[in-house]
**Student:** 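Let me give you the structure first, and then I'll get to my questions.
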Amino acid sequence: MARVSLAELYNGGAVLLAEVPRLGWEDLRVAVGDEVAAGNRLAALAGRPVGDGIEVLAVLVRPEQGCLAAGRAVVGDRFASLTPGCPQAHWFERELAEGWGIVPEGHPWLKPIRFHRSYRPGHDAWGRADDAPILPSVTDFFRVDGEEVHEVAVGPVHAGVIEPGHFRFSCHGERVMHLEISLGYQHRGVERALVGGPDRRSVHLAETLAGDSSVAHATAFSQLVEGLSGCQAPPRAEIIRAVALELERLANHVGDLGALAGDVGYLPTLSFCGRLRGDILNLTAELCGNRFGRNLVRPGGVAFDLEPERVERLATRLGAAMRDVRGAVGMLFDSSSVMARLEGTGALSAAQAVELGLVGVAARACGLDRDVRAELPSGMYRFAQVPVSTWHTGDVFARAWVRWLEVQRSSQFIQDRLAAMPKGPTRVDCRPLAGGSLAVSLVEGWRGEVCHLAITEPAGRFASYKVVDPSFHNWMGLALALREQQISDFPLCNKSFNLSYCGHDL
Amino acid sequence: MIRALRERWRQGHRTMAYPAGAPVLPDRHLGRPALDPSRCLPDCHACAEACPTAAIDATAGLTLDLGRCLFCAACSQVCPRAAIAWTGDWRMATRSREALVVKDRELELAEALDARLRRLFGRSLKLRQVSAGGCNACEADVNVLSTIGWDIGRFGIQIVASPRHADGLLITGPVPENMRLGLEKTWQATPSPKLVIAVGACAIAGGPFAGHPEVTGGAAATVPVDLFIPGCPPHPATILDGLLRLLGRLSATDPVES
């Protein structure tokens, strides 16, 4: 069988769209299947209207080659689903169906994922009328039948300070046989609003795609714009971005370790880490005034420079915070009663992680060494590496342990960068964006890979913009991790993934 | 156990003194903006043109709507005459939407509840948090108030798990169409008398999502709002200041506890 060749592109780089081969759908479907079978993974599947049909663009990560591969095909109202041979496409195909009113035939569980109207009036994958009301979670749910089977419905509004989503469990007693996750409550229409940009609001939309990953999303957006405009952020800016990104990772991982401790009733670590997360957010505020790193990363570089005294202050305060983190987290992993609750709970196998296309902490906790910082390094990570932290058990413990390993690696990485700041500017002007081009930008946020993709129209405006938050890949992982678990372990399993609702819903 | 005690001893007591003293804020923190329209050049609209959320009106005089403001400082960066300056003042909560429109150097801060509601909620306020399209930044900085660093429990304020247990709702996010019903039902499930607190630019005016057909543009489109706390996200000190002011535990002028 002759292999179709896909276009190669690099993280953050742009290519002319004309150079991305337009194939028949069947050829693209086979090519994506072959890529995934060869150990590559789907980073994005994006649709856009072309003539009477929808052009589907597939982007894959080729970790061995350190590059991305892209191909496209125009489909009509119905096309043969990728999912039966390539399970990691399942959510993407549901997204395509919902957005563009096209039907992937043979998809095993074709349902909406965000509950919004099709972007093409008159085209609805489920044949709904243009004015039919669409309510979130009003849909079929997977049902387990049996005399003693019962369902538990949770959300959208939850008991904690947490975003909305609906979880439906099919249980036999305490035992969860199946969990179905229904999202979309957070849908704010971000991708559509980015079309026509970049404009003065675009970077703010990127920063609020998932607020706890503001730096990751703003960096992905900025790299994309830089790629399309053919400019490059100066080295000093790359360092400041990397420091902010790793601080974001530190803050969230430390907060999660505390929350995991709280979910198993181990209060000392919960208390310490709640405060320490804030201490680390305050370090980000030292950079730019905002605890979530907003207004820092901008196309062309960063909006704030760091004076020598500030660099020194950051290093000292990070050192002090890390001493407390070590104490707080050390006692967590030292407590046998805690370990008994974390080990063996909510386990996924490496094979499941590969099939689902999991990314980030959830994938590394199954032993997969997936990390964009190492696989497709961009910015500062081309020059300074962070060791990839993995563990092999796939359970809640593994997801906690990988976080702890990463906390240590990231804090060391920040200290090393702060100790060797190059001189020079922190921002360059971006030129106008290239027209008729495609750019893909990936950043390893604290949850996993954040992917932004844009196609420009001839005048250089975004004709199409796609965002894939790591949560998009990983929600199904949480659903599978719950199988055969006690329903009371749901909060613990959920926290161990800690996925974003708004990042998914966009 | 010994290790936990030893660590507790080593890390010590870390709850902040605020409101007995001003909160410690970073030097780059952007607090309440102060405007000086007399500095404006004739026919200059640079700030309004730079603003991502149309928070600034420079057509007749100069006003800045804190409810829409993302505190990105795009306006002050382009202003040729420094007519917009950022104070470090974290106190910005108001009781009315109109009061958020800054015209000069002043802001009419939130007044306390009336005597009856103060008697009910003044020393015990239980809030249900509803994220309705919130990006998790406002949520995180509400959550942090319950940690030992801020410890809102010392004021009798608590985030509770059910609207049935709550005296009011604390809403974040631009309220997407898909969350309107969820928010409405949560509000109805809260017993009266009840308060509604809108936290962050999104919950007040839609934030960066204002105008998107997928969102309703903030909490007030669905429920009546009693307290507006601006920011993107508001600093925890801004949120706490607003809550304490509402409960009558801070005077209008004094940053510290009255």
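Below, chain A is the first sequence line, B the second, and so on; all start at residue 1.
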**Student:** For a quick test of reading the model, state the closest non-hydrogen atom pair linking A/Arg275 to B/Ile148 and the distance between them.
**Tutor:** CB-CG1, 3.9 Å
**Student:** Strictly below 4.0 Å, N to O, side chains only: are A/Asp324 and B/Arg14 in salt-bridge contact?
**Tutor:**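 Yes, this pair counts.
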**Student:** Please determine, among A/Ser214, A/Gly184, A/Cys273, A/Ser202, the option with the most heavy-atom pairs under 4.5 Å with chain B.
**Tutor:**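 Top option by heavy-atom pairs under 4.5 Å: A/Gly184.
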**Student:** Which atoms of B/Thr147 are under 4.5 Å from chain A, going by heavy atoms: the side chain, the backbone, both sets, or neither?
**Tutor:**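 Side chain only.
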**Student:** Non-hydrogen contacts under 4.5 angstrom with chain A: give the residues of residues 158-169 of chain B involved, or none if there are none.
**Tutor:**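 Under the 4.5 Å heavy-atom cut-off, B/Ile159, B/Val160, B/Ala161 qualify.
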**Student:** Any idea which of B/Cys232, B/Ala140, B/Gly211 has the most non-hydrogen atom pairs under 4.5 angstrom with chain A?
**Tutor:** B/Cys232
**Student:** Listed by residue number, which members of residues 68-76 of chain B have a heavy atom under 4.5 Å from any heavy atom of chain A?
**Tutor:**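 When heavy atoms of chain A are the reference, residues 68-76 of chain B contributes B/Leu70, B/Phe71, B/Cys72 within the under-4.5 Å range.
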**Student:** Which atoms of B/Arg180 are under 4.5 Å from chain A, going by heavy atoms: the side chain, the backbone, both sets, or neither?
**Tutor:**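 For B/Arg180, neither part sits under 4.5 Å from chain A.
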**Student:** When only pairs under 4.5 Å are counted, which of A/Leu287, A/Val203, A/Leu276, A/Asp279 shares the most heavy-atom pairs with chain B?
**Tutor:**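 Top option by heavy-atom pairs under 4.5 Å: A/Leu287.
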**Student:** For each of B/Gly173, B/Gly134, B/Gly206, B/Gly149, tally heavy-atom pairs with chain A at distances under 4.5 Å, and name the one with the top tally.
**Tutor:**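 Between B/Gly173, B/Gly134, B/Gly206, B/Gly149, the count favours B/Gly134.
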**Student:** Are A/Arg114 and B/Glu177 close enough for a salt bridge, meaning some N to O gap below 4.0 Å?
**Tutor:**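 The answer is no: the pair does not qualify as a salt bridge.
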**Student:** Test B/Asn178 against A/Gln186 for side chain to side chain contact (heavy atoms under 4.5 Å, CB included), laying out the working first.
**Tutor:** CA-CA 7 Å; B/Asn178 281 354; A/Gln186 298 281 74; over 6 Å; no
**Student:** Between A/Ala285 and B/Pro26, which heavy-atom pair has the shortest distance, and what is it?
**Tutor:**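 Minimum heavy-atom contact is CB-CG, 3.6 Å.
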**Student:** Counting heavy-atom pairs closer than 4.5 Å to chain B, which one of A/Pro136, A/Gly274, A/Cys502, A/Ala303 comes out on top?
**Tutor:**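 The residue among A/Pro136, A/Gly274, A/Cys502, A/Ala303 with the greatest pair count is A/Pro136.
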**Student:** Quick one: closest heavy-atom pair of A/Met331 and B/Ala4, and the distance?
**Tutor:** SD-CA, 3.5 Å
**Student:** Of all the heavy-atom pairs spanning B/Pro208 and A/Arg201, show the shortest one and how long it is.
**Tutor:** O-NH1, 2.8 Å
**Student:** Out of A/Gly160, A/Ser500, A/Ser213, return the one with the most heavy atom pairs under 4.5 angstrom to chain B.
**Tutor:**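 Sorted descending by pairs with chain B, the first entry is A/Gly160.
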**Student:** Heavy-atom pairs under 4.5 Å with chain B are the metric here; pick the option from A/Pro156, A/Pro268, A/Ser271 that has the most.
**Tutor:**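 Result: the option with the highest number of such pairs is A/Ser271.
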**Student:** Most heavy-atom pairs under 4.5 angstrom with chain B, which of A/Ala210, A/Cys288, A/Gly503, A/Gly278?
**Tutor:**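 Max contact count across the listed options: A/Cys288.
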**Student:** Check step by step if salt bridge (Lys or Arg N to Asp or Glu O under 4.0 Å) holds for A/Arg192 and B/Glu214.
**Tutor:** CA-CA 10 Å; A/Arg192 277 215 291 177; B/Glu214 294 86 353; 2.8 Å; yes
**Student:** Do A/Val157 and B/Arg128 have side-chain heavy atoms sitting under 4.5 Å apart?
**Tutor:**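 A side-chain contact under 4.5 Å exists here.
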**Student:** Please give me the minimum heavy-atom distance between A/Arg447 and B/Asn136, naming the atom from each residue.
**Tutor:** NH2-ND2, 4.4 Å
**Student:** Quick one: what part of B/Cys138 sits under 4.5 Å from any heavy atom of chain A, side chain, backbone, both or neither?
**Tutor:** neither
